[in-house]
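It should be emphasised that the depicted structure is a prediction, and the values quoted were computed from it without experimental measurement.
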Amino acid sequence: MVEIELDGQKVEVLEGSTVMHAAEKAGTYIPHFCYHKKLSIAANCRMCLVDVEKAPKPMPACATPVTQGMIVHTKNDKAIKAQKGVMEFLLINHPLDCPICDQGGECQLQDLAVGYGAGESRYEEEKRVVFHKDVGPLISMQEMSRCIHCTRCVRFGQEMAGVMELGMSHRGEHAEIETFVGMSVDSELSGNMIDLCPVGALTSKPFRYSARTWELSRRKSVSPHDSTGANLIVQVKSNKVMRVVPLENEDVNECWIADRDRFSYEALNSDERLTSPMIKQGGEWQTVDWQTALEYVANGLKQIKSEHGAASIGTLASPHSTLEELYLAASLMRGLGSENIDYRLRNAEFSPVASVHWLGTSIASLSQLQRALVVGSNLRKDHPLFAQRIRQSVRKGCALNAINSVAELAAPDAWAMPVANALTTAPDAWAQALADVASVIATEKGVSAPAAGQATATAQAIAKSMLGGERKAILLGNAAAHHVNASSLLALAQWIGAQTGATVGYLTEAANTVGAQLAGAMPGSQGLHAGQMLKGQLKAVFLLNNEPEFDSASGASAMAALNAVQMVVTLSPFKANMSISDVLLPIAPFTETSGTFVNAEGRVQGFHAVVKPLGDTRPAWKVLRVLANLLGLPGFEFESSQDVLKQIADVDASQMSADRLNQQQGSASPARITVSASAGAAPAVASIYQLDSLVRRATSLQLTADARQAHASQSLEGAGA
């Protein structure tokens, strides 16, 4: 430890720390623009100049390392004069257009100019003008004349997103932040550059000119998309969601969110919102009241149960639904006498599961790995924030290994991080690839291999890597979870993990994949799984918050099969499944209901509604409860979502313990390991902006390069078919 004196106060900090770190520890604010705690030191704004005794001139606090006995003054005349001088230079070319700037009210330059700016400017020459750039549908660079060249956006791209999409060209007053040769900004984390910009140079294109910051109410929430469970601040005006920004939580999403977390709110205000119950009569949709719609559904269920039995009724539920909604959907089915409920719409294998599939470690630990093996994941696009954490591990020296298909690793920046060893092969050979790695490890350790394998050069490299280091993880991606041999992949991964000391787990696809398992949204021993229900083997089907055409492995064939079902009831915030449904019930999206998500690491996160339900929309848990009441089912006397949560015995703490989840994840029997090539289509994995009904209807996200590429691929597949 090193002790320094800061404004007369003794402060102890770690050796190698800077004056800025010491000031943060002491609670002393030093004005700055380019410094950010998550980014490297640039020291190019010079706003953090301080007076260090015995130094010939003011020194930048962010880049000055502490030394034993150093005496620093941050607020004496010398420091203040230096800071005011820097502010004067920064304002020389700044356009001073605060009244029309989107950043007004939350601009660091504006705030600091109050304390460090002069009453009038001595600069009388013309200000420079920087031509605007079009970098895509999410970020606006219309007012780059405001840029103060802090380079936060550049460093974020290099260090956090892993792709240098912005850079500084030219020098002096001609310096500009721009993309390479007119390219767009396509990173799945690009929106964080907007938050990082300390002035109004980078702004949100969808939000632009729609509200001023002081008009917005700020309310906490949780992302309903991938399994990170990113913490959000949802900003509201006149009962309408206007903007979404990150809520810092170091253990979950740090201070970042993915673009789909940030911009999917556009769907909440789209024309596709379903605002009243609807019933199809004679092939025509009619708007009805809730009582009529629910009585129609209840009477239909009673008739179908009477004629065909309870086993002819089932529910296909989305893992993006809340814990309470999934629990009540499962309880409703079982109350009717049916075990037909499943959330695994994209799975190809439905082996009996008596355990919880989860991450196998904490999210925060992904930033501290020394070895990692990722199997069957388009890591960067499937889980942007997990990829960002693993990227930090790689920057610190972690050896990243991958077993994947060629498509996911073909591009040079596929994962935007170096991959030490990559075994690329078709999905039907992934089990054999893992068996090859396992056989090398078995030979090294003198134990029996779980399955026959070959010691290929790549398998040897991966095995050697995983046998080294200390903090290790084997992570199974969405494609591995949806694989036709998913249980074998898990069993092989667990064997390798046991031999190498690595944790084993699933990255898990959706916001509530773990929660769906805890809520019992899976079929019993006599129930039909999702694959069977999607083939039309029922007389009545509930579709909870999903669209089988996009959310299932069957796609178009599922729609054809469900079209023949006697009664299909869709519960959705949108006008979805209209070609196959008989009843549409408008349920609230995550911003209009309270509920709970359980993320990949088992963290239980509750949230409240941030706006009132749109039109006649109702929270899904209320709809399911009232429907159960109309059916005369006992045990549905819930007054709030909190009452439902209390009923769920498996969720009794803010975070499931690692020991408990490890015990529940269990181990697969070696007898289940099969490595023969499996026939069939590739695993059904949603592209980044097709994951759920919200992102599919977010206009700006659908204009991105990722979305256009996905649409082009679908068109080609359709033409090929």
Side-chain angles (χ1 to χ4, degrees), residues 273-281 285-306 310 313-318 320-338 340-341 512 516 519-521 540-546 567-577 581-596 606-609 611-648:
R273 280 295 302 271
L274 177 66
T275 57
S276 297
M278 300 179 76
I279 296 176
K280 188 184 290 183
Q281 296 283 4
W285 284 103
Q286 297 181 2
T287 299
V288 297
D289 58 56
W290 271 105
Q291 188 70 22
T292 301
L294 291 176
E295 287 182 353
Y296 180 92
V297 174
N299 292 335
L301 289 175
K302 290 175 182 177
Q303 181 179 346
I304 290 171
K305 181 180 178 180
S306 173
I313 304 170
T315 295
L316 292 164
S318 167
H320 299 277
S321 302
T322 68
L323 193 67
E324 293 82 356
E325 292 164 1
L326 291 163
Y327 175 78
L328 287 180
S331 298
L332 177 63
M333 286 298 100
R334 294 185 173 111
L336 287 168
S338 170
N340 305 327
I341 180 166
N512 216 17
V541 176
F542 283 86
L543 299 176
L544 175 59
N545 205 20
N546 67 79
M567 184 172 74
V568 177
V569 181
T570 291
L571 294 87
S572 173
F574 303 101
K575 297 172 183 175
N577 305 321
S581 297
D582 299 286
V583 183
L584 298 179
L585 301 178
I587 60 171
F590 79 108
T591 52
E592 298 170 21
T593 184
S594 57
T596 307
F607 56 91
H608 298 285
V611 292
K612 295 177 182 177
L614 187 64
D616 286 333
T617 298
R618 295 291 183 269
W621 71 266
K622 284 188 177 181
V623 175
L624 293 167
R625 183 207 64 191
V626 174
L627 183 57
N629 295 154
L630 289 174
L631 290 166
L633 303 180
F636 284 84
E637 295 77 28
F638 303 109
E639 295 296 326
S640 67
S641 63
Q642 286 75 19
D643 290 345
V644 182
L645 186 63
K646 292 175 184 176
Q647 189 73 20
I648 306 174

Please check this pair: side chain of [X] against backbone of [Y], looking for a donor-acceptor N/O pair closer than 3.5 Å.
X	Y	result
N545	S318	no
R618	I587	no
R334	L332	no
W285	V583	no
S572	F574	yes
Q286	K280	no
N546	L316	yes

Looking only at non-hydrogen atoms, find the nearest pair between [X] and [Y] and report the distance.
X	Y	answer
I304	A540	CD1-CB, 3.6 Å
A588	P573	C-CG, 4.4 Å
L544	S321	CG-OG, 3.8 Å
G520	A330	O-CB, 3.6 Å
W290	D616	NE1-O, 2.6 Å
K575	L274	N-CB, 3.9 Å

Strictly by modelled atom types, are S276 and T287 linked by a side-chain donor-acceptor pair under 3.5 Å?
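No, no side-chain donor-acceptor contact under 3.5 Å.
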Roughly how far apart are [X] [atom1] and [Y] [atom2], rounded to 0.5 Å?
X	Y	atom1	atom2	result
L326	S331	CG	OG	10.5 Å
L585	L571	CG	CG	4.5 Å
K612	T617	NZ	OG1	14.0 Å
M333	L328	CE	CG	11.5 Å
F638	Y327	CZ	OH	5.5 Å
T596	L645	OG1	CG	4.5 Å

Please report the C-alpha distance between N577 and V568 in whole Å, then the side-chain angles of each, then the deciding distance to 0.1 Å, and finally whether the side chain to side chain contact (heavy atoms under 4.5 Å, CB included) criterion is met.
CA-CA 9 Å; N577 305 321; V568 177; 5.8 Å; no
So, do [X] and [Y] sit near enough that their side-chain heavy atoms are less than 4.5 Å apart?
X	Y	answer
N340	T315	no
D643	E637	no
F542	I341	no
F607	S641	no
T322	F590	no
M278	V288	no
V297	L627	yes
L294	L630	yes

By side chain to side chain contact (heavy atoms under 4.5 Å, CB included), which residues pair with K305, not counting sequence neighbours?
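For K305, the residues satisfying side chain to side chain contact (heavy atoms under 4.5 Å, CB included) (neighbours in sequence not counted) are A310, I313.
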Pairwise side chain to side chain donor-acceptor pair (under 3.5 Å) hits with a residue in residues 581-593, at least two apart:
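Non-adjacent pairs meeting side chain to side chain donor-acceptor pair (under 3.5 Å): R273-E592, T570-S581.
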Does anything in residues 291-302 form a side chain to side chain donor-acceptor pair (under 3.5 Å)? List the pairs, not counting sequence neighbours.
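Matches after skipping sequence neighbours: D289-T292, Q291-E295.
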